[in-house]
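Being a predicted model, the structure only gives us computed values, none of them experimental. For the numbers below, each heavy atom of this structure counts, side chains included, while hydrogens, waters and symmetry mates do not. Numbered from 1 within each chain, the chains take letters A, B, ... in sequence-line order.
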Number of protein chains: 2
Amino acid sequence: MMNKKEKNIEDISIWIVEDNIHFQNTMNNLINQFDGFVCNFAFESCEDALIEMNNTAELPSVILLDIGLKGMSGIEGIKKFKEISPATHIIMLTIYEDKNSVFDAICAGASGYLLKDSSPENVIEAIKEVLGGGAPMNIHIAKKVIDMFKQLNPPKGDYGLTGREKEILNLLVMGMNKKQIAEKLFVSFHTINTHIKNIYEKLQVNTRGGLVAKAYKENLL
Amino acid sequence: MMNKKEKNIEDISIWIVEDNIHFQNTMNNLINQFDGFVCNFAFESCEDALIEMNNTAELPSVILLDIGLKGMSGIEGIKKFKEISPATHIIMLTIYEDKNSVFDAICAGASGYLLKDSSPENVIEAIKEVLGGGAPMNIHIAKKVIDMFKQLNPPKGDYGLTGREKEILNLLVMGMNKKQIAEKLFVSFHTINTHIKNIYEKLQVNTRGGLVAKAYKENLL
DNA sequence: AAAAAAATACCACGAATGTGGTATACCGGA
DNA sequence: TCCGGTATACCACATTCGTGGTATTTTTTT
């Protein structure tokens with residue numbers, strides 16, 4: 001009775017993408033019980049949901065999306081959903097608080113996330129929150145966080161590179177090869193070879209890719 | 001005189017957890033000098049502070065918590081403190097600038113962050129801010145930060161890399177060579193060679209260094 | 001079903017790289 | 001004055017790269 005809901009044109013349309021049928025049903029019932037929300041579809045995979053999305057005119061306002069799905073992952077799914085329906089808010093569902101996944105999800109465009117053991121109230125609350133325009137967050141603190149990150153960026157690991165070595169490192173990062181660098185600095189190819197050898201030693205790398213990557217990661221430029 | 005403060009029931013209670021005695025005292029004095037704040041306790045480890053927390057009815061409003069502590073780390077401490085006293089705001093203290101630590105701290109529930117060489121004004125300011133802000137630094141803050149970072153960074157050009165190509169790009173950035181990548185992905189060296197060839201073509205580069213640099217600059221990872 | 005895209009695989013060869021050496025000249029601090 | 005660090009330079013050799021091909025299978029899209 002409760003989970004067979006009279007469709008109302010005013011209702012906020014919500015989809016669920018979740019491969020655990022039990023949890024899917026639980027969510028479904030929960031949402032349909034709540035006045036103003038209706039769960040039109042529940043899928044077991046992103047692929048299925050995307051097919052429906054491509055064939056319907058009634059795009060959902062919110063998608064509850066499991067982060068660990070078979071086939072296309074939730075993270076990947078976010079991008080696809082957003083391509084088709086940019087206005088749809090996506091709330092990730094996760095079992096445990098996986099920092100990296102959540103971070104990735106946010107980067108991919110998720111509006112929020114929910115732990116699977118959240119209380120029904122929390123679920124409804126989260127949906128309301130994203131619908132209400134997203135982050136009702138203290139802008140000051142957010143700004144402060146950014147300032148912190150900024151402060152933290154400049155100083156990083158010091159590997160005791162000499163001036164010349166830093167100079168050459170920068171040219172390497174620009175994609176130049178040894179010969180080109182030698183010509184640019186008016187020294188012998190052999191000299192550059194030696195310098196690069198020393199840089200590799202100091203940074204503990206042994207490929208060009210590893211070197212450049214480290215230079216970026218550790219802010220050596 | 002100054003650091004022996006008359007206890008006032010109205011004062012905001014602040015604890016310090018910091019293993020450097022000198023810095024601990026400096027902070028202590030600073031806080032007690034300020035009208036409206038009182039530093040009731042200063043500990044040298046999370047463990048000590050937690051014991052006290054479990055035995056007192058007067059929970060602190062704010063904890064200044066060193067990030068690099070002997071025994072339980074500051075990051076771990078955050079969770080413990082929050083368990084006992086969710087309303088307590090935690091401000092991290094650190095000398096070394098490490099982006100990851102800060103992010104971890106924020107995820108663990110820290111409200112703010114202070115470099116140890118901050119001016120006295122900054123310290124007081126930070127405490128006031130977390131007290132006034134109310135909003136805990138959760139995933140929403142992170143979202144804000146990411147959003148702003150996204151805005152600051154160029155919208156990262158799309159070079160039409162396929163999934164496999166992105167995968168290989170990431171391995172290249174890790175400093176692996178073709179043979180290693182081939183082994184890791186259980187495919188032939190020739191296949192990797194072809195993929196890399198195509199990546200070079202798409203990104204318009206022709207050296208490993210240039211590739212990795214571009215990957216970082218354009219946020220292709 | 002047909003077409004397009006992606007992933008796989010192989011060959012060859014000159015160019016560039018990574019690594020082991022050795023060695024000289026310069027300069028600033030102990 | 002002697003020593004350590006820096007910059008310079010050269011050699012040799014195995015390994016890896018970059019680039020020109022061609023070609024099949026699998027997946028995705030139309």
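The side chain of B:Asn177 lies closest to D:dC17, out of D:dA9, C:dG18, D:dC17. The A:Lys197 side chain lies nearest to C:dG21 when the options are D:dT19, C:dA9, C:dG21. Side chain of A:Asn193, nearest nucleotide from D:dG21, D:dA12, D:dT6: D:dA12.
Counted by atom type alone, A:Ser13 and A:Asn40 present one or more donor-acceptor pairs between their side chains at under 3.5 Å. Between the side chains of A:Asn25 and A:Asn29, no donor N or O sits under 3.5 Å from an acceptor N or O. Side-chain atoms of B:Gln204 and B:Tyr159 include no donor-acceptor pair closer than 3.5 Å.
With rounding to whole Å, A:Asn206 atom CG is found 14 Å from C:dG20 atom C1'. Between the CD atom of B:Gln180 and the P atom of C:dG18 there is a distance of 12 Å, rounded to whole Å. Going from atom CZ of B:Arg164 over to atom P of C:dA6 covers 14 Å, rounded to whole Å. Between the C1' atom of C:dA9 and the NZ atom of B:Lys178 lies a distance of 14 Å, rounded to the nearest Å. Straight-line distance from the CD atom of A:Glu167 to the P atom of D:dT6: 15 Å, rounded to whole Å. With rounding to whole Å, B:Phe189 atom CZ is found 12 Å from C:dA9 atom C1'. Atoms NE2 (B:His195) and C1' (D:dG18) sit 17 Å apart, rounded to a whole Å. For the pair A:Leu50 CG and D:dT29 P, the interatomic distance rounds to 10 Å; values are reported in whole Å.
Using a 4.0 Å cut-off, some side-chain N or O of B:Lys179 falls inside it from OP1 or OP2 of D:dT16. Dashed line: the shortest gap from a side-chain N or O of B:Arg208 to OP1 or OP2 of D:dG18 is under 4.0 Å.
With the nearest nucleotide of DNA chain D identified for both A:Leu185 and A:Lys80, A:Leu185 has the one nearer the 5' end. Comparing A:His190 and A:Gly160, the nucleotide of DNA chain D nearest to each residue sits closer to the 5' end for A:Gly160. Each of A:Thr194 and B:Thr162 has a nearest nucleotide on DNA chain C; the 5'-most of these lies closest to B:Thr162.
B:Tyr216 and A:Tyr216 have parallel rings, their planes meeting at less than 30° on a 0 to 90° scale where 60° marks the start of perpendicular.
Within 6.0 Å of NZ in A:Lys202 there are more than 12 heavy atoms belonging to other residues, nucleotides or ligands.
Contacts of A:Ser188 with the nucleic acid, taken as non-hydrogen atoms under 4.0 Å apart, involve only primed sugar atoms and P, OP1 or OP2. In this structure, B:Tyr200 reaches the sugar-phosphate backbone alone: every heavy-atom distance under 4.0 Å involves primed, P, OP1 or OP2 atoms, never a base.
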